[in-house]
Amino acid sequence: TAMKLATYLKTVEGVEQVFYPGLEDHPNHAIAKEQMSGFGGMLSFAVTGGVDTVRHLLPKLQYANRAANLGAVETTVGPARTTSHVECTPEERAAMGIPEGLIRVSCGIEDADDIIQDFKQAFKAVEVGV
């Protein structure tokens, strides 16, 4: 599911970057390929419009639940600025290469096509990549 979602997200005009070691253009793809039997269910992506887009996009998702903890059987999503890196200032996040529009995703056991359709309808609802 994560690979399919990452591949889809790379096609969305409103997505600036997709971070997933299974993608061949990921800087650590070769290492991940050597060390892993799969690439895992975690990925992240950055959207144009930063936090404003994140605030509008995430509530539109119907399958993916917003959560600070990304370890569940259902797909969960969370913006790095209010979850994993909430204690950092915007300047510290920028210095670490964490865009304000970064969304972390933990893919669950739902059907991959359902998750992709969910993201498609959410992007369309907020007119990102439309």
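Heavy-atom basis, side chains included; hydrogens, waters and symmetry copies ignored. Bear in mind that the values here come from a model prediction, so they are computed numbers and not experimental data.
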Taking all atoms of both residues into account, what is the closest heavy-atom pair of [X] and [Y], and its distance?
{"X": "Cys107", "Y": "Leu5", "result": "SG-CD2, 4.0 Å"}
{"X": "Gln17", "Y": "Pro99", "result": "OE1-CG, 4.3 Å"}
{"X": "Lys60", "Y": "Asp118", "result": "O-OD1, 4.2 Å"}
{"X": "Thr53", "Y": "Thr48", "result": "OG1-O, 2.7 Å"}

Any chain of hydrophobic side-chain contacts (each under 4.5 Å) joining [X] to [Y]?
{"X": "Val47", "Y": "Ile116", "value": "yes"}
{"X": "Val51", "Y": "Val105", "value": "no"}
{"X": "Phe39", "Y": "Ile115", "value": "yes"}
{"X": "Ile31", "Y": "Met42", "value": "no"}
{"X": "Ile98", "Y": "Phe45", "value": "no"}

Going by heavy atoms in the side chains, are [X] and [Y] under 4.5 Å from each other?
{"X": "Met3", "Y": "Tyr20", "answer": "yes"}
{"X": "Gln117", "Y": "Tyr63", "answer": "no"}
{"X": "Thr76", "Y": "Ser106", "answer": "yes"}
{"X": "Phe19", "Y": "Leu102", "answer": "yes"}
{"X": "Arg55", "Y": "Asp52", "answer": "yes"}
{"X": "Val15", "Y": "Phe123", "answer": "yes"}
{"X": "Thr1", "Y": "Glu110", "answer": "no"}

*Going through the checks in order, is the side chain to side chain contact (heavy atoms under 4.5 Å, CB included) test met by Arg104 and Leu43?*
CA-CA 6 Å; Arg104 298 168 62 224; Leu43 66 120; over 6 Å; no
*How long is the gap from SG on Cys88 to CZ on Arg81, to the nearest 0.5 Å?*
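The SG atom of Cys88 sits 11.5 Å away from the CZ atom of Arg81.
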*Might you confirm whether atom NE2 of His56 has over 12 heavy atoms from other residues, nucleotides or ligands at distances under 6.0 Å?*
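Not buried by this count: 12 neighbours or fewer within 6.0 Å.
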